[in-house]
Asker: 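What follows is a single structure, and I will ask about it in a moment.
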Amino acid sequence: MPENQNTLQAGTPVSSPNPEQRFMPSEIEPRWQARWDADASLYAAEGHDSGKPKYYCLEMLPYPSGQLHMGHVRNYAIGDALARHMWMRGFNVLHPMGWDAFGLPAENAALKNGVPPREWTLGNIVAMKKQMRRMGLSYDWSTEVTTCLPDYYRWNQWFFLKMFEKGLAFRKKSKVNWCPECQTVLANEQVVGGCCWRHEDTVVELRDLTQWFLRITKFADELLDGLDKLEGWPEKVRTMQRNWIGRSEGAHVDFAVDGSSEKITVFTTRVDTIFGATSVQLAPEHAVAKVFALEDDALRGQIEELLEQQKKARETDALGAIEKHGVATGQFAVNPFNGERVPIWVANYILADYGTGAIMSVPAHDERDYEFAQKYGLPLRRVIAPAVTGAEEPVLPYVGEDDAVVIGSGEWSGLGCAAAQEKMAAFAKAKGFGTPTVTYRLKDWGVSRQRYWGTPIPMLYCDQCSPDEPMPVAESELPILLPEQVDITQTNGSPLGRVAEFVNAKCPKCGGKARRETDTMDTFVDSSWYFYRYTDAKNSKAPFDSDKANYWFPIDQYIGGVEHAILHLIYSRFWTKVMRDLGMVKNDEPAERLFTQGMVIKDGAKMSKSKGNVVSPDDMIARYGADATRMYALFAAPPDRDLEWQEEGVAGISRFLGKVYRLTTKYSDVTGAAEAAPTPKGQALLRRLHQTIAKITQDFDGRWHFNTSISSIMILVNEITANEAAMDSGEITSATVREVFRGLILLLAPFAPFFAAEMWDQIGGEGVVFRTAWPLVDEELAREDEIEIPVQVNGKLVNVVKVPADSDEAAVKAAALADEKVMARIEGKTVVKVIVVPGKLVNLVVK
RNA sequence: GCCCGGAUGGUGAAAUCGGCAGACACAGCGGACUUAAAAUCCGCAGACCCUUAUCAGGUCGUGGGGGUUCAAGUCCCCCUCCGGGCACCA
C-alpha cells in the first residue's frame, strides 16, 4: 500500500500515521467478550450511597425458548444503548435481565423430545445467555432472575397467601375460557379474538369450573385513573388499557315482576330514557329467566336455544354479528318510575356476565333495542329530543347529543339528559328501587392453570375440616416445591393431581389427611413483579428488601413489545398496588416511562417459522459481528416503527465500521509537539464533531430516533474521510485529530460496544470507555459562522446565498436582492413584499 | 361502526417549531486502483420536458381532492388504502 507518505509541514510535526488495518469483528468481539465476562463488576449497579442519581433501565424478560430472535435483538439493542448512555451521563444504572421460565412450551418440548421441562428450560437459558453475551449486552448477571426456580416462585406463593389473607385471592365457580390446545383455563386477557393467545387458530371454549381468581377489579378505578398520570407511556397503550377496563357509569333500577315476588335489576347508562322503556330483556342465563322456564317447558326449550346461539357466537367471536333473537316470556315487569307494565323477554344479545344480565329496552333511543323492537313489533316511545325548538324530528333511534332534553317523562321533562340521569338515579335511590352504579368490563384475573410447569398454588383441602373450603399452607412451609418426574403425557386434568406424594398432605388444623391444590399459577403472575426481585435477587427472607426497591423504583424506562399492553402491563400495575398496600413499596406505578418498539419484519411480514422468513441473530453475528447487527437494528428505522430487515443494510453498517476502524487505527498514534490553535480545517472538523455530539445527546434526551443519531455519525466520518489528506499533511493538527477520534469513539460507544472498546484501547483512552463521561457540547465550537439562505421568488427557490451567521434581517435582505440570479428573476417586476426569516430563508413576492 | 398509528425516490428512511423535499444508507450506474477480481476510494443518481450534446433552463412531485398562508410532507376539511386496538358491554 503506497500509504503514509505524508509530507510534514514546518512547525506542525506529526508522527507518521500507522499502516491501515482491516476490521475483523470475529477477532475483536470474542476477545472483549472474554474480558467482560471475567469482570462481574463491569455492569453491576453501585450502592445507594454512590452519590449518583439512579437510573433503572429495564427490558422485558424473554421466555427462554432457546433462541433469541430479531425482535429481542432490537429490544435489547435499544435498552443497551440507553443503559450505556446513562452510565456515561453519570448515572448509577441498574440494567438487569432474567427469564420468564415457566410455561407451556417446556411441557410441549417434554412431550415431543422426552426432555423434562426443567432440564429443557435451564438448557435454553444457558444457550440464550450465551447469545446475549455474544451480543455484548450490558446486563448485571448477579441479579439474574429465573422464575421457574424455587427461590423465585416461593415468593409467588408467598404473595398468593398474602392476597388470600386480604381477600384478594379467592375461589369461585364461573364460566371460564378453556383452550383445548393448551388443555387449560385462560384469563380473559389471554383470549384474543375468541382464540387462545398462544394458539391463534384455536377457538376458546367456555366451561363452568371452580377456579382461583385475583381481585384486580378492586383496583379498577385506580388502574383507570392512574393512566392519566402515566405521561411517559404511549397513548396507544393507555387507550388500550382504558378500553379494557371499560368503566361505565350508570344506574341499577329494580323492576318488580308483576304478580310475583321476583324482581329484575337492570343496569343502564341512560336512566334518563326510562320512560321510553317498552320491554325488559333478560340474558338467557338470568336467574329470573330460569324461574320462568321452570314453569314453562316450551319457554325452557326456546331459552336454551337462545343460549346455544349466544355460546356459539361467543366462541367464534361473532358476538355482535349474530342476528338478534328473543322470546316473550308472557310475564310483565313494572317500571318503578311510571308504574307501567312492560313485557319481559329473553334475548340472545343480552350478556349474563356484564352488568346485571338484564336491561330495560328503549327502542327509540338505543340502536340495539331499536333493531330488536323492529323485528318483534315492540312499540317505540320518544322520551328525549334536541333542545333546539323547531328542529326537525330526529331519525330514530336517537341517542341524543349534548343539548338533548328529556320529554314526556313526568316531573323530569325539560331537564337536560345529563342532569336527568343524575337526578333520576338519586330519586331511585331515595325511593329504594335503585342506585347510581359503575360497571366495568374488567373481570377478576383467573390464575388457575391445569398444567404442570408453573407455580403450585399453596392451598390445602382437608377431607375432615374443609373438603370444599381451601386452607392456606403455612408460610413456613414455603416453598411448596413443584415435583420433578411428573407424567405430563395425559391430557385430562392437572398433572399434579396424579402425583400422590404431592397431593397428599397433612391438615394444619386437625392433622388428618389433606389434599393439595393441584392447579398451578398463570405464568403472568411470575412476570408481574420480577422487576422488583432484581433489586434484591438473592434475598431468602422476603421477595425483596423494601429499602432496596424504594431506592430503584419506579423503573425509569421500561422497553418491550406492545403485545403486552393489556396482559403483562396491566397485571404488573395491579401487583404494584397490592404490594404498596402491603407496605412493601412506596410507588403506585411500576414504571415511569414505557417504550414499545416496533416489530421486525422480513419481506413485508412478521418473521415466523411458518412463513420461512426468519433471520437468525446468530447468522448475522457470525457474518457481520454483533456491533453491526445491533447498529443496523437501530439504524434501519426509528425504534417505535416496524423495521424491515435487509441483510444488505447490515453489510452496509459493517462497511461503515470498517471505515472507522481503518481511520482510527491509522491515526491512533499521531502526536505532535506544542500544539497551536486549530487550523481553519481543523476548526471546521471540530465544529462538525460538536454538532454531532449535540444531535446525539438530543436524540437520547428526546425522541430516541437513533437512526438519525447514527446517520449523523456517518456524516461526521464522511467529513473525516474528506479531510484525510489534510490530516496526513499536518494541515489539521494532531491535537485536533486526537480530539475528533476520541469524540467519535465515545459517540459510538452506546451503539457498537465491542468496537468502541477496541478503538478506545487503540487510541490509548483511559479506563473503560463506557464509564467515560459523555462528551459535552461546546456551543461556541458547534456554531456555524457562515450559513446558506435559500432565496425564493413567489415561493419558488431561485438561489442560495451565503451570509454570516449573525446577519440581521436587513443584511440578509440586501444579500438576497444583490444576487444575480435573483435580480434576473425580478427584473421588470415590482417587489410587493419581502419576507425574511432570519437564519432560514428569504421570499420575495413580486408582480 | 368507534378509537389509535401509517402512506415520502428502485428500497429503508430524513426533514424535531409552517421555511431549500429526499439528509444518511441500501441497491444501481460510471470512474480510479488491479494482469484480473474482491476490497477500497472518487463521482452520478426523484420523475418528466426542452436541448444534437454540453452548459443551462423549465414543469411536475410527499396516497387522492379541496382550503388557509408570502410559503404546506408539516395546519384545517373531505376521501381512499394499509396496520393495530375495541365492539350487541346496555
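The sequence lines fix the lettering, A, B, ..., with proteins before strands; numbering per chain opens at 1.
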Asker: Check every strand shown and say whether A:Gly652 touches a base, only sugar-phosphate, or nothing at a heavy-atom separation below 4.0 Å.
Answerer: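 Since only primed, P, OP1 and OP2 atoms lie under 4.0 Å of A:Gly652, the category is sugar-phosphate.
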Asker: Let's see if you can work this out: which of B:rC88, B:rC86, B:rC3 has an atom nearest to the side-chain heavy atoms of A:Asn348?
Answerer: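 Nucleotide nearest to A:Asn348's side chain: B:rC88.
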Asker: By the 4.0 Å heavy-atom rule, please label A:Ile715 as base, sugar-phosphate, or nothing.
Answerer: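 The residue A:Ile715 makes sugar-phosphate contact but no base contact.
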Asker: Is a salt bridge present between A:Arg662 and A:Glu724, judged by a nitrogen-to-oxygen distance below 4.0 Å?
Answerer: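 Looking at A:Arg662 and A:Glu724, the cut-off is met.
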Asker: If you check every side-chain atom of A:Met240, which of B:rA90, B:rA14, B:rG85 has the closest atom?
Answerer: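 Output: B:rG85.
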Asker: Taking A:Arg270 first and then A:Asp366, would you say they form a salt bridge - that is, a charged N and a carboxylate O separated by under 4.0 Å?
Answerer: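 Looking at A:Arg270 and A:Asp366, the cut-off is not met.
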Asker: Base, sugar-phosphate, or nothing for A:Thr721, non-hydrogen atoms under 4.0 angstrom?
Answerer: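 If one applies the 4.0 Å heavy-atom cut-off, A:Thr721 turns out to touch the sugar-phosphate alone, with no base involved.
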Asker: Between A:Arg687 and A:Glu784, does any NZ, NE, NH1 or NH2 come within less than 4.0 Å of an OD or OE carboxylate oxygen?
Answerer: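 A salt bridge is present here (some side-chain N lies under 4.0 Å from a carboxylate O).
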Asker: Using atom NZ of A:Lys840 as one end and atom P of B:rC20 as the other, report the distance to the nearest whole Å.
Answerer: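 Taking NZ of A:Lys840 and P of B:rC20, I get 7 Å after rounding.
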Asker: Looking at B:rU16, does its base get a donor-acceptor pair with the side chain of A:Lys695 below 3.5 Å?
Answerer: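 For A:Lys695, whose side chain was compared with the base of B:rU16, there is a donor-acceptor pair (under 3.5 Å).
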Asker: Should A:Glu371 and A:Arg368 count as an ion pair when the cut-off is N to O under 4.0 Å?
Answerer: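 Looking at A:Glu371 and A:Arg368, the cut-off is not met.
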Asker: Looking at every strand, decide which applies to A:Asp642 at a 4.0 Å heavy-atom threshold: base, sugar-phosphate, or nothing.
Answerer: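 The answer is sugar-phosphate, as A:Asp642 gets under 4.0 Å only of primed atoms, P, OP1 or OP2.
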Asker: Which part of the nucleic acid, if any, lies within reach of A:Gln646 when heavy atoms closer than 4.0 Å are counted: base, sugar-phosphate only, or nothing?
Answerer: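 Sugar-phosphate, backbone atoms only, no base.
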Asker: If only side-chain N and O atoms of A:Arg703 are considered, is one of them under 4.0 Å from the OP1 or OP2 phosphate oxygen of B:rA14?
Answerer: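 Indeed not, no polar side-chain atom of A:Arg703 lies that close.
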Asker: Determine the contact category for A:Val845: base if any of its heavy atoms lies under 4.0 Å from a base atom, sugar-phosphate if only primed atoms, P, OP1 or OP2 are that close, otherwise nothing.
Answerer: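 It contacts sugar-phosphate atoms only.
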Asker: Any N or O donor-acceptor pair linking the side chain of A:Asn243 to the base of B:rC86 at under 3.5 Å?
Answerer: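 Checked by distance alone, the answer is no.
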Asker: Would B:rC70 be called syn or anti here, given the cut-off of 90° from 0?
Answerer: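 In terms of base orientation relative to the sugar, B:rC70 is anti.
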